Asker: 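Handing you this structure, nothing more for now.
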Amino acid sequence: MSERPQEPKSSRDDDSLLPIDEHIEEGHDDEGRKVRHRGIYLLPNLFTTANLFAGFYSIINAMNGNFYVAAATVFVAMVLDGLDGRVARLTNTQSAFGAEYDSLSDMVAFGVAPALLAFEWALGSMGKVGWMVAFIYVAGAALRLARFNTQIGSVDKRYFIGLASPAAAGVVAGTVWAFSDFGIQGSNMSFVVAILVAAAGMLMVSNIKYNSFKNLDLKGRVPFVAILAVVLVFAVVFSDPPRILLLIFLAYAASGPIQYLLRLRRRKPMQ
């Protein structure tokens, strides 16, 4: 009995026309069976790439002294960061690659970019203290993102543990945007900026809970007055974006410690 010789494979699974490794990701289908997916999803990663570019563009403008543009670009990155996750969920294109790519992009846009922006505008005049404060913020953002990735699926989705990196970036970039728009030199308020930047970095790695607003139902029907409220919010924000956005993110950053203190007060036994 003769065995049929095996036909040579025309192309191996790991062969590629380009000298670039093909991404292969293991996952599970609806029945729980292990499957291997080749390639990445294009649509959500386009938004993530745009988020990364916005962070990089902010850094370039901060180094060139265009603080107004650099700060505004950080807020553009926030919009793009919110879109990539929602697009992935709506189109059912979530992946481990997309989650890791999103975190790396967030590190640039909401970690390095705001810290460098604050350093170039105000903290540089403080010498070594200035870059140490900027590094505290960068390290806080990196630790915050790393902890967030390891806690997915194990914490209450209604809350963030620690200040989210986009919100921290909103505090830092909003401060630069609001005051540089008035022509104020950062060196004149370097001490205040240092406190804000350091506080934002520490809040990111704290165990203080912040409302994530993920329990809001954006797909269901709402009263007609809700859309009027949304229009009013947009009108207020666009009437003075630098100051209004700064106030919003300062209020959100302060909401966590305030709620934490209120909970401690309620737990304190009555004497």
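All figures in this text were calculated on a predicted structure; none of them were measured in a lab.
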Asker: Hey, is the main chain of A70 close enough, under 3.5 Å, to the side chain of S58 for a donor-acceptor pair?
Answerer: yes
Asker: Judged by atom type as modelled, is there a donor-acceptor pair below 3.5 Å linking the side chain of Y137 to the main-chain atoms of V112?
Answerer: no
Asker: For a quick check under 3.5 Å, do S103 and N149 share a side-chain donor-acceptor pair by atom type?
Answerer: yes
Asker: Is there a donor-acceptor pair under 3.5 Å between the side chain of R243 and the backbone N or O of A178?
Answerer: yes
Asker: Does M63 belong to the same Ile/Leu/Val/Met/Phe/Trp/Tyr cluster as L52, with side-chain heavy atoms less than 4.5 Å apart forming each link?
Answerer: yes
Asker: Taking the side chain as everything from C-beta on, heavy atoms only, tell me whether R86 gets closer than 4.5 Å to L83.
Answerer: no
Asker: At their closest point, which heavy atom of L163 faces which heavy atom of R144, and how far apart are they?
Answerer: O-NE, 3.1 Å
Asker: By the rule that ILVMFWY residues connect when side-chain heavy atoms come within less than 4.5 angstrom, directly or transitively, which residues belong alongside M202?
Answerer: I136
Asker: Specify the closest pair of heavy atoms between P114 and V172, including all atoms of both residues, with the distance to one decimal.
Answerer: O-CG1, 3.5 Å
Asker: What are the two closest heavy atoms between V197 and A118, and how far apart are they?
Answerer: CG2-CB, 3.8 Å
Asker: How about CZ on F179, more than 12 heavy atoms from neighbouring residues, nucleotides or ligands closer than 6.0 Å, or not?
Answerer: no
Asker: Below 4.5 Å, heavy atoms only, C-beta onward: do V108 and I59 meet side chain to side chain?
Answerer: yes
Asker: For Y210, which of Y252, F249, Y159 qualifies under ring-ring contact (aromatic ring centres under 6.0 Å, His included)?
Answerer: Y252
Asker: Under a 3.5 Å distance rule, please check whether N61 uses its side chain to pair with a backbone N or O of Y57 as donor and acceptor.
Answerer: yes
Asker: Is it the case that one hydrophobic cluster holds both I248 and V236, taking links as side-chain heavy atoms less than 4.5 Å apart, direct or via other members?
Answerer: yes
Asker: Looking at every heavy atom in both D181 and P242, which two are closest together, and how far apart are they?
Answerer: OD2-CG, 4.2 Å
Asker: Between S212 (side chain) and R158 (backbone), is there a donor-acceptor pair under 3.5 Å?
Answerer: yes
Asker: Are V133 and M126 connected, step by step, through hydrophobic side chains (Ile, Leu, Val, Met, Phe, Trp, Tyr) whose heavy atoms are closer than 4.5 Å?
Answerer: yes
Asker: Does the plane of the ring in F234 sit parallel, tilted or perpendicular to the ring in F238? Use 30° and 60° as the thresholds.
Answerer: parallel
Asker: Compare every heavy atom of T73 with every heavy atom of V69, then report the nearest pair and how far apart it is.
Answerer: O-OG1, 2.6 Å
Asker: Find the distance between CG (N51) and CG (D81) and round it off to the nearest 0.5 Å.
Answerer: 5.0 Å
Asker: Which value, rounded to the nearest 0.5 Å, describes the distance between L145 atom CG and E100 atom CD?
Answerer: 10.5 Å
Asker: Would you say E120 and F67 make side-chain contact, with heavy atoms under 4.5 Å?
Answerer: yes
Asker: When rounded to the nearest 0.5 angstrom, what is the spacing between OG in S190 and CG in N188?
Answerer: 8.0 Å
Asker: Out of curiosity, does L250 fall in the hydrophobic cluster containing L245 (side-chain heavy atoms, cut-off under 4.5 Å, transitive links)?
Answerer: yes
Asker: Below 30° counts as parallel, above 60° as perpendicular, anything between as tilted: where do the rings of W177 and Y68 land?
Answerer: perpendicular
Asker: What is the distance from atom CG of N66 to atom CD1 of I60, rounded to the nearest 0.5 Å?
Answerer: 11.0 Å
Asker: Hydrophobic clustering (ILVMFWY, side-chain heavy atoms < 4.5 Å, transitive) - are V76 and V79 grouped together?
Answerer: yes
Asker: Is a side-chain N or O of R147 found less than 3.5 angstrom from the main chain of M204, in a donor-acceptor match?
Answerer: yes
Asker: Roughly how far apart are F47 CZ and D84 CG, rounded to 0.5 Å?
Answerer: 8.5 Å
Asker: With a 4.5 Å cut-off on side-chain heavy atoms, are F160 and N211 touching?
Answerer: no
Asker: Might you point out which heavy atoms bring A109 and A77 nearest each other, and give the distance in Å?
Answerer: CB-CB, 3.9 Å
Asker: Do you see a donor-acceptor pair shorter than 3.5 Å between the side chains of Y101 and T49?
Answerer: yes
Asker: So, do N207 and I161 sit near enough that their side-chain heavy atoms are less than 4.5 Å apart?
Answerer: yes
Asker: Please round to the nearest 0.5 Å and tell me the distance separating atom OG1 of T175 and atom CG of L196.
Answerer: 5.0 Å
Asker: Will you find, in the side chains of S165 and D106, an N or O donor that is under 3.5 Å from an N or O acceptor?
Answerer: no
